[in-house]
Amino acid sequence: MSCRRSVCVLICVFCFCCALGNVKHTFSIQELTVSQKELMDCGKQKKLCVTSSDDCLYTASDGVPQVPRTPEYFLNTSCHYLIQEESLTCRWTQTNNIKSQTISFIFSRAKDFNHCPSILTIYSTFNLTIKSKSIFSQKEQFSDIYPVIIRDIIQAPQPLISSVDVTDSSINVTWTSGENPVTKCKIRYKCLNSESWTETADLPSSVESQFVIEGLQAFSVYHLRVSCSHRFGRWSDWSNETRVKTSESLPSAAPSLSYYVDSDENSRNQQLVLLWKALDVTDAQGLIQGYEVSYMPIKQPSLKKTFHTTHLKVIVPVRSEEYEVSVCAYNSVGCSPHRRLTLDASRTHDVPALKSLWVYSDGASLWVCWEHEFTVVNVSEFAIEWSGTTDREHSRWERVTGSTFTARLPGIEAQQKYKISVFPVYESLCGPPASIFADLQHGALLDLDRFRLVNVSRSSVAVQWTWREAEPSVSVRQYRLVLNGPLETRTLTVFPNKQQHLFLQLHPNTRYSIHIHGETTAGNFSKASLDVSTLLLDYDEMLRFAIPVLLLLLVFGVFSVLTRTICREYFFPFVANPRYSLIGRWLLDPHLQVKKSDKFFSCCKGSSIDGNGSICTLKLDRVFLPEKSVIQLERRVSLSDHEDVLPLKICASAGRTAVEDALAPSGLPEYVDLPLLPESLGYVQTG
Ligand SMILES: *[C@@H]1O[C@H](CO)[C@@H](O)[C@H](O)[C@H]1NC(C)=O
Ligand SMILES: *[C@@H]1O[C@H](CO)[C@@H](O)[C@H](O)[C@H]1NC(C)=O
Ligand SMILES: *[C@@H]1O[C@H](CO)[C@@H](O)[C@H](O)[C@H]1NC(C)=O
Ligand SMILES: *[C@@H]1O[C@H](CO)[C@@H](O)[C@H](O)[C@H]1NC(C)=O
Ligand SMILES: *[C@@H]1O[C@H](CO)[C@@H](O)[C@H](O)[C@H]1NC(C)=O
Ligand SMILES: *[C@@H]1O[C@H](CO)[C@@H](O)[C@H](O)[C@H]1NC(C)=O
Ligand SMILES: *[C@@H]1O[C@H](CO)[C@@H](O)[C@H](O)[C@H]1NC(C)=O
């Protein structure tokens, strides 16, 4: 139950809202015009005249039909009478929502009517009731009683504007009204784009009248309407609107002119670039047909040159001297005031070119955006010039204020490639342009390419890329260079003037990823990316750290070697005593005999220096020589013939200390000082 009730409540609320909504939207202007012949008598009901015989059923007493009235359905009722047509017209605002209805007038009077059609005359008075009846529901609504005095509601006929004559500042209007003469008229007019009308005072008038409206703007469209009145009664409806355009007059202002001097390296070829702004519509006072440009060197007035152009920019060759330049705009009437400039072509310009320029397409139009450095000279305006590459002659121009850094270019055609240039303008000076190529399909005809790492250090990373003339696959609104690290993200916009970037103040030994993002109307994409880790130490830091350490090690090494040598030589000199050594004792033995068969020697024939000698090797017991050590005894002559020369070599390639230790059981000496041998015994050489 409760559920049903709530549904009902909801429905009721909905209906109420609908009803309110309907009430709001059912105001409609109703109008009915009756003329004499439409009026009829009601037989015995002499106090009524009707437009529909059904209405004779109502009884009238005291000049008023006895009916239930709902005046709230008939708002702002007004009636007027036209003499010429002998017709009565009433208009009202209907507030109920009746789709199909019949409307009729009921005329009543306290005094009997004699002849109904003749009540629509100038001196007639009566009471009027308006009745509306719905065709479907047959429901009837009656208005309030309106007492009518025809003389007071006579309305003059709508006048007709028959002709207009214009000058650049005035309109001569001629109009006619109906046959019955009107006594006064008024004109109202407004400029095409303005909202409010300007009305003249009442003008004495007759059947045909004329009036000159003065003080108008040249070359402007005006709307005109006229209304008239008889001596008494109401003002007529406004005449139908007439449109008229005032004629051209002389342009009222001089074009604003700026210049820069463009010189190549050998400053002989100088060019003066003159740039001016199209006149505002209000200043142009007509269709500007062209510009008259003249320039002359101040010192040689005879070299003055004058020419006409339809462009907003001209380039003329000049020499390094002072010039006087003048420009004026002309329309069909004549030339505007001249803008004159005196300039010194030897001075370089002060307004720098734009820092960067980019253009992108949103599919329907091209958008230009730029960056400009703020310098001592503030830019007051930017002048944008664009032209199709196949039609360089027809440039279009747009000017924006100095605080604007983006502009939409209107009228861009598909399939056409454009060159877009932006000039910074500061009063009479301007800067050289920055230019870029673009089309509607690709946006800027530049693509970002070859993104790479060029340098990395402990706290910085340098990346580089190039710009290539190409048709990119998608129009990029802007490129952004993004560095992502564990602690931070840095982002900057990348324009074609930028080809590298150095990220500073990074953390050492940290991994970063660097991307170039392309931003499009549909979304963002990654154009290129790379990962990089900053170094723990910089190369020069490493050098700074390593060189002292190496030097220190070197010094320490040298020092330790020196100390050892000095200690040995001066504090612990070693004097060898051969008697402690077995080999020494053997070598000192005067009865030294070496036999081939001796267990200490093995001799090999034919390997001595002279070819027929022998090498005899003294085989020492392992007790006093390590494995790889040999003592070599060599005889220059055959052992069997002479036994006088016997060179002796002790080869102790490794473990000398062991040999010496073995040879000197005392353990003190670290090497062997062999005693001098008698000549007959040859020599001993340490290995
Ligand atoms: C009736 O006329 C008055 C004043 O002219 C206006 O403010 C009002 O909105 C009109 N009412 C309707 C329902 O049109
Ligand atoms: C119109 O009706 C009023 C009563 O509402 C009456 O006094 C008046 O006389 C009537 N007017 C005429 C012209 O009969
Ligand atoms: C205005 O136009 C009418 C008709 O063309 C002409 O007779 C009249 O002299 C004009 N008035 C002025 C002030 O030009
Ligand atoms: C005004 O214009 C309407 C329609 O635009 C036309 O029916 C009517 O006749 C015109 N009135 C005059 C006086 O020209
Ligand atoms: C440039 O503009 C700034 C801020 O609008 C102003 O303070 C400064 O004076 C201007 N400089 C020149 C040279 O006009
Ligand atoms: C790389 O960066 C370091 C530190 O910033 C700098 O000293 C060095 O000159 C740079 N090398 C190159 C090739 O740019
Ligand atoms: C694209 O990137 C910019 C800046 O990085 C961001 O403001 C924007 O929301 C991104 N757009 C989309 C669609 O992701």
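As the structure lists them, so they are numbered: ligands from 1, and atoms in each ligand from 1.
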Between Arg477 and Glu519, is the closest basic N to carboxylate O distance under 4.0 Å?
-> no
Hey, are Asp449 and Arg468 close enough for a salt bridge, meaning a charged N less than 4.0 Å from a carboxylate O?
-> yes
How far is atom 10 (C) of ligand 2 from its nearest protein heavy atom, and which residue and atom name does that atom have?
-> Asn127 ND2, 2.6 Å
For atom 4 (C) of ligand 2, closest protein heavy-atom neighbour | Val64 CG2, 3.7 Å
Select one of side chain, backbone, both or neither to describe which atoms of Arg480 lie under 4.0 Å from any atom of ligand 7, heavy atoms only.
-> side chain
Considering the heavy atoms of Asp165, write down every atom of ligand 3 situated less than 4.0 Å from one of them.
-> 2 (O), 5 (O)
Considering the options Thr491, Thr489, Asp531, which one meets the side-chain hydrogen bond (donor to acceptor under 3.5 Å, both in side chains) requirement together with Asn484?
-> Thr489
Tell me which protein heavy atom sits closest to atom 6 (C) of ligand 3, plus the residue, atom name and distance to 0.1 Å.
-> Asn172 ND2, 4.0 Å
Ligand 2 to Ala110 polar contact by distance, N or O atoms, under 3.5 Å = yes
A student checking ligand 3 against Val212 at a 4.0 Å heavy-atom cut-off should list atoms 12 (C), 13 (C)
Exercise check, heavy-atom protein proximity under 4.0 Å to atom 2 (O) of ligand 7 = yes
Which protein non-hydrogen atom lies closest to atom 7 (O) of ligand 2, naming both residue and atom, and how far is it?
-> Asp62 O, 4.8 Å
Going by the order shown, which atoms of ligand 7 are within less than 4.0 Å of some heavy atom of Asn524?
-> 1 (C), 2 (O), 3 (C), 8 (C), 10 (C), 11 (N), 12 (C), 14 (O)
Looking only at protein heavy atoms, what sits closest to atom 13 (C) of ligand 2 is Arg109 CG, 4.0 Å
Flag the pair Phe142 / Tyr58 as yes when their ring centroid distance falls below 6.0 Å, and as no otherwise.
-> yes
Which one of Gln94, Lys131, Glu140, Lys133 satisfies the side chain to side chain contact (heavy atoms under 4.5 Å, CB included) criterion with Gln101?
-> Gln94
